[in-house]
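Predicted model, so just to flag it, every value in this text is computed and none were measured. Labels below follow one simple rule: chain letters A, B, ... track the order of the sequence lines, proteins then strands, and each chain is numbered from 1.
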Protein chains: 2
Amino acid sequence: MVGASPNIRDVARRAGVSTATVSRTLAQPDKVREDTRQKVMEAVEALGFVPNDRARVLRRQTSKTVILLVRDISNPFYLDIYKGVEEAAFAAGYKVLMGDARDDDERISHYIDAVRERHADGLILMIGRLPARFLEDPARLPPVVVASEAIQEMDLPTVKVDNVAAAQGAVEYLIASGHHRIIHLAGPVDDYLGTARLEGYRAALEAAGIAYDPGLVLSGDFSLVAGRDLIDGLLVRGAEFSAIFAASDQMAIGAITALRQHGLQVPKDVSVIGFDDTLIASMVDPALTTVHQPRRDIGFAAMQMMIARLNGTMTPPDQIFPTELVVRGSTRARPVDTPSP
Amino acid sequence: MVGASPNIRDVARRAGVSTATVSRTLAQPDKVREDTRQKVMEAVEALGFVPNDRARVLRRQTSKTVILLVRDISNPFYLDIYKGVEEAAFAAGYKVLMGDARDDDERISHYIDAVRERHADGLILMIGRLPARFLEDPARLPPVVVASEAIQEMDLPTVKVDNVAAAQGAVEYLIASGHHRIIHLAGPVDDYLGTARLEGYRAALEAAGIAYDPGLVLSGDFSLVAGRDLIDGLLVRGAEFSAIFAASDQMAIGAITALRQHGLQVPKDVSVIGFDDTLIASMVDPALTTVHQPRRDIGFAAMQMMIARLNGTMTPPDQIFPTELVVRGSTRARPVDTPSP
DNA sequence: CTGAAAGCGCTAACAC
DNA sequence: GTGTTAGCGCTTTCAG
């Protein structure tokens, strides 16, 4: 329908100048005489010229773009991270694209290759593992920064919170409230995030002299559905417990749904703690007690680290952000004076 | 640290062939003799060569990439749309990138320009408006398909549901259950989605002989926070109503939060209907009555339409998908026999 | 089946 | 201040 879009030569011809002048006018207007600039801009406007960024990138050898690869785009946890990344990126003239790994090796490879194919200059990873081919040969990795997660087999620049301490704090709070049989809805236990929070859970138990019962630990993928199904299964099997510590708000909310379906009330019958302090945590009923993470700050710092790497400044040191337990309505003390029936 | 990545010439040199042969080996292996191919592949492997896609695109004049631009990435509604788009894209060898418009003209322009700069071949819009410069001069738009929404001023290929009928059906259900004073939490009323659902609301009222009261219609941006704050404001002002029809699940859930904070119960005191049937609708308590949209199908169809456009096949006709009212626990009949106090 | 060479659209030296 | 020219890395005729 529409004719092929104009290129820099069309503009040059129309303005009666060379392509170099057009390029200069667009990039450094002050290096061009007033009337020349005028002519060029007129031609640009008339033709609706937009420089072909592919050609520009090919020439400049940098795309000023970064890809943010997340574990599961449907977890709202990543949204504020994204915003933090974007803020830092924008300030430095970078663009951000977001990709969904869905915990799938093929997809992960796909995005890593996208960077190697020069679609982007760097990759911010929010996933817990890497396909074997990259572990074997780290030279194949483009510039990478890990945010919130960690790749256990490799020493990559990382921005995160102290997940062990955060989890331990949450579980200690439950124990201090009189709970002893505490379920842990863990993340995938084969990667950092899952194991770190599980470790915190175990540490709190140990500190309180409570024996660790593997039967109380269930592993899921941080999603609503996982939380619901795991707790449902547990209740069907007749397990007994008075509290749940979930490794994400999503799993916590899913768990509450399952508890309700079995006629149990939160926090009257079961106390529940989540992780992340996403927006929905304060909107559900009862509002969720959860571990707050400074998501925006994490994203911002990760992007800054990325920029430092890209600029060749030596690898920046890892950064650890603080967390905070936000107590809301989904937890309460277990009445100690009530004798069991 | 790592040396610059190898290019096609490095591979050619190492394999002792021309760059053309390397290119051919990678693109059409069967057009190359067995032993040549072997030599080339060995060199590729040894060097860890990944073709620079920017250069390839520059030469081929097509990027096989599509950008999906959504209104607000934090609304889970878009996730299944994205999955549908991606499925259709993958089947046809396309990649999908997702951008967040945040209802902001500058961001919208940014993404449209990204396509015009050849980062992508086409744009799937899930936003309700376009910056003026594109309305004035449609030739400036790259290949576009609109999904779920509509740009009122322009006749663009569109995939959506019948929003008027869907909204009308939901409100008729409330009326049939005995509700008369029904709040409508509308979307932005200056674009298609907001006005279409409002129109359905009005039509249902009119059909039942209920006078339209503009004071019962509140406009928000489909978000959780908007739903909560609008209903909160209403209750503070002492408004009376027995039901709410929200233009999104997010607003409905936010509304329920506000109702609770004012001591009102759902559905005992107020019935609530949402729109979209997102995952969370079935997980909250009470589960949300809502209008189901076939999100995945919408996304899939939109991408197929995009591919048809890109292939030059004439502009495909618009597509309308059916919706369905899913009745759950957040609505109930208003007891008619109870005299008002 | 393979190689030489042109060129995608742009930028950056280097001249003038 | 502006033009000429080489070339970013790849694909694709066109010869051979």
**Prompt:** A:T19 side chain N/O closer than 4.0 Å to the phosphate oxygens (OP1, OP2) of D:dG3?
**Reply:** no
**Prompt:** Taking atom types as they are modelled, is there a donor-acceptor pair under 3.5 Å from the base of D:dG3 to the side chain of A:R24?
**Reply:** yes
Would you indicate, yes or no, if C:dC10 has its OP1 or OP2 atom less than 4.0 angstrom from a side-chain nitrogen or oxygen of B:R54?
-> no
The complete set of side chain to side chain donor-acceptor pair (under 3.5 Å) pairs with one or both residues in residues 117-128 of chain A, sequence neighbours excluded, reads A:T62-A:D121, A:S63-A:D121, A:R118-B:S5, A:H119-B:D53
Between CD1 of B:I8 and P of C:dG7 the distance, given in whole Å, is 19 Å
From CG of B:L58 across to C1' of C:dG7 the rounded distance in Å is 9 Å
Here the distance between atom P of D:dC8 and atom CD of A:E117, to the nearest Å, is 20 Å
Whole-Å distance, B:N7 CG to D:dC10 C1', equals 9 Å
From CZ of B:R60 across to P of D:dT13 the rounded distance in Å is 12 Å
Give a yes/no on whether any side-chain N or O of B:S18 is located under 4.0 angstrom from OP1 or OP2 of C:dA4.
no
Under the salt bridge (Lys or Arg N to Asp or Glu O under 4.0 Å) criterion, do B:R102 and A:E86 qualify, and how do the steps go?
CA-CA 13 Å; B:R102 295 203 214 168; A:E86 209 210 23; 3.0 Å; yes
Query raised in the report: With respect to the phosphate group of D:dT2, does any side-chain polar atom (N or O) of A:T36 fall under 4.0 Å of OP1 or OP2?
Result: yes
- Which part of the nucleic acid, if any, lies within contact of A:V57, taking any heavy atom under 4.0 Å across all strands shown: a base, the sugar-phosphate backbone alone, or nothing? nothing
| Can you check whether B:R33 has a side-chain N or O nearer than 4.0 Å to OP1 or OP2 of C:dC1? | no
Rounded to whole Å, the CZ-C1' distance (B:R59 to D:dG7) equals 15 Å
Of B:D191, B:D104, B:D105, the one forming a salt bridge (charged side-chain N to carboxylate O under 4.0 Å, His left out) with B:R129 is B:D105
Separation of C:dC8 atom C1' from B:Q61 atom CD, nearest Å, is 6 Å
Whole-Å distance, B:Q28 CD to D:dT13 P, equals 10 Å
Salt bridge check: are B:E45 and A:R140 linked by an N-O gap of less than 4.0 Å? yes
Q | Within 6.0 Å of CD in B:E106, more than 12 heavy atoms from elsewhere | A | no
DNA chain C nearest-nucleotide lookup for B:A20 and B:A55: closer to the 5′ end is B:A20
Any salt bridge linking A:D113 with A:R133? Criterion: basic side-chain nitrogen under 4.0 Å from a carboxylate oxygen. yes
- prompt: Which is true for A:V22 with a 4.0 Å heavy-atom rule: it touches a base, it touches only sugar-phosphate, or it touches nothing?
  reply: nothing
field: Within 6.0 Å of CG in B:D318, more than 12 heavy atoms from elsewhere
entry: yes
Between its two end axes (five pairs each) the helix from C:dC1-D:dG16 to C:dC16-D:dG1 turns, nearest 10 degrees, through 40°
